[in-house]
Amino acid sequence: MPEGHTLHRLARDHDGLFRGQVLRVSSPQGRFADGAARVDGQQLDRVSAYGKHLFYEWGSGDVIHVHLGLFGKFFAHPDPAPAPRDTVRMRLTGTAHAVDLIGATECTLTDPAGVAAILARLGPDPIRRDGDPELAWPKVQRRASPIGMALMDQSVIAGVGNVYRAESLFVHGIHPEVPAREISHDQWLGLWTTLRTWLRRGVRDRVIITVPRAELGRPRGPIGRGEALWVYKQERCRRCGTPIRRWDLGGRWAYACETCQPRP
DNA sequence: AAGAATGTTATGTA
DNA sequence: CTACATAACATTCT
C-alpha cells in the first residue's frame, strides 16, 4: 500500500497526535518488537519519516523503526479503543486516541546509531528539503539496468514505489526499460522535480493524483484511489488510447504506453 | 477461495 | 563487483 508520501503523512499525523505524551505501547500475544517493553510509558519525542521508513523516537533514547512493507497499515481508534485484534503489532495509546499497527514487515527497537545505519543505505528523498538529486545522479549514470529498476531502488532514490515509477516515467515520455545510464541529466532533474511535487502533494491529499483535474474532466469533488492515473493499472493510455502494456520488471508490474514512451 | 497488492531483503547463479 | 531470478515475510480484501 504505501509509497513515500504515506509514510510522511503518518509521521506528521502521529507526531501531532502523540508528541510529548506518555504512551502505552503494547500488543497482544507478545508479538511486538523485541525489547519494546522498554518504551512502554515513555514520552514520544518525535515521529519522522525518511523514504518509506518511520522512526518513533522516545524520551529514553530508544527508537522504534517501522517499515510497512507491501501491506502494513495503521488503524486509528477514538477513545475508548476496542480490544486490539490478534494481528496488531503495536498499539500507541495516547490521551484520547489509539493507533494500531498491522502487517508491517519491520517493527523493531533500535537507537540513533541504528537509525543512522538505515539512513546510510538510502538515497535522497525528494519529499525532504535536504533531498538532493545530485547525490543520486552518479548512481543513475553508472547503471546499465533499466531506469524503471533504478527508480524503485531505495538506495538510489528513497520513497518511490510502483505507482510513482509508472506515472513519472510516463509524463516524461521515458520507457521503463531505457538503461539508467542513458538518461540525460536534464531528464533526471525533470523526474526528480515531478516526483518531489507529486510526493509532497500526496502527503496533503492522502492519495496519488498524477492527472490534472482539467484533463480528467472533474473540476471538483473527491478523487479516489487510482482514479487519476495515466498508466498504472489502466486499460488504455489516457492520452492517446493505446492499450497499456504490463510486464514484470524486477519482480513488480511495470506499466507503459509504448506510443507515448517509445521502446529503447 | 485463490490471488493480488502503492515492498524489501537474503541468497543463489552466471 | 554487477546483474538477474527466486523465495521469504508481512495481512487484508475481493
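Each chain gets a letter, A, B and so on, in the order its sequence line appears, and its residues count up from 1. In this text, all values refer to a predicted model and were calculated from it rather than measured experimentally.
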Rounding to an integer number of Å, can you tell me how far [X] [atom1] sits from [N] [atom2]?
| X | N | atom1 | atom2 | answer |
| --- | --- | --- | --- | --- |
| A:Leu70 | B:dA5 | CG | C1' | 5 Å |
| A:Phe71 | C:dT12 | CZ | C1' | 8 Å |
| A:Leu101 | C:dC9 | CG | C1' | 15 Å |
| A:Asp153 | C:dC4 | CG | P | 13 Å |
| A:Lys52 | B:dA5 | NZ | C1' | 13 Å |
| A:Tyr255 | B:dA4 | OH | P | 11 Å |
| A:Asn162 | B:dA5 | CG | C1' | 10 Å |
| A:Ile118 | B:dT8 | CD1 | P | 13 Å |

Distance check, P atoms only: C:dC9 and B:dA1, in whole angstrom units.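 It comes out at 23 Å once rounded to the nearest Å.
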
What nucleic acid atoms does [X] come within less than 4.0 Å of, heavy atoms only: base, sugar-phosphate, or nothing?
| X | result |
| --- | --- |
| A:Gln154 | sugar-phosphate |
| A:Ile208 | base |
| A:Thr105 | base |

In sequence, state the C-alpha distance, the side-chain angles, and the governing distance for A:Trp247 and A:Glu177, and then conclude on side-chain hydrogen bond (donor to acceptor under 3.5 Å, both in side chains). CA-CA 11 Å; A:Trp247 73 102; A:Glu177 280 171 340; 2.9 Å; yes

When Watson-Crick pairs (N1 to N3 and N6-O4 or O6-N4) and G-U wobble pairs (N1-O2 and O6-N3) count only below 3.5 Å on both distances, what is the dot-bracket string of DNA chain C, with | for other-strand pairs? .||||||||.||||

Atom CG in A:Leu68, atom CG in A:Leu10: separation rounded to 0.5 Å?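 Here the interatomic distance stands at 6.5 Å.
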
Any side-chain N or O of [X] under 4.0 Å from OP1/OP2 of [N]?
| X | N | value |
| --- | --- | --- |
| A:Lys73 | C:dA10 | no |
| A:Arg121 | B:dT9 | yes |
| A:Arg143 | C:dT2 | no |

Hey, mind stepping through A:Arg9 and A:Arg206 against side chain to side chain contact (heavy atoms under 4.5 Å, CB included) and telling me if it holds? CA-CA 7 Å; A:Arg9 178 78 226 181; A:Arg206 300 174 141 96; 3.2 Å; yes

Choosing from [options], which nucleotide comes nearest the side chain of [X]?
| X | options | result |
| --- | --- | --- |
| A:His67 | B:dA5, C:dC4, B:dT8 | B:dT8 |
| A:Arg85 | B:dG7, B:dA5, C:dT12 | C:dT12 |
| A:Arg89 | C:dT11, B:dG7, B:dA5 | C:dT11 |

Between A:Asp153 and A:Lys139, is the closest basic N to carboxylate O distance under 4.0 Å?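 Looking at A:Lys139 and A:Asp153, the cut-off is not met.
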
Tell me if a side-chain donor or acceptor on [X] pairs with a main-chain N or O of [Y] at a distance below 3.5 Å.
| X | Y | result |
| --- | --- | --- |
| A:Arg89 | A:Glu106 | no |
| A:Glu167 | A:Val231 | yes |
| A:Arg245 | A:Ala256 | no |

Quick one: sort the A:Phe55 and A:His65 rings into parallel, tilted or perpendicular, breaks at 30° and 60°.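 Taking A:His65 first and then A:Phe55, their aromatic rings lie parallel (interplane angle under 30°).
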
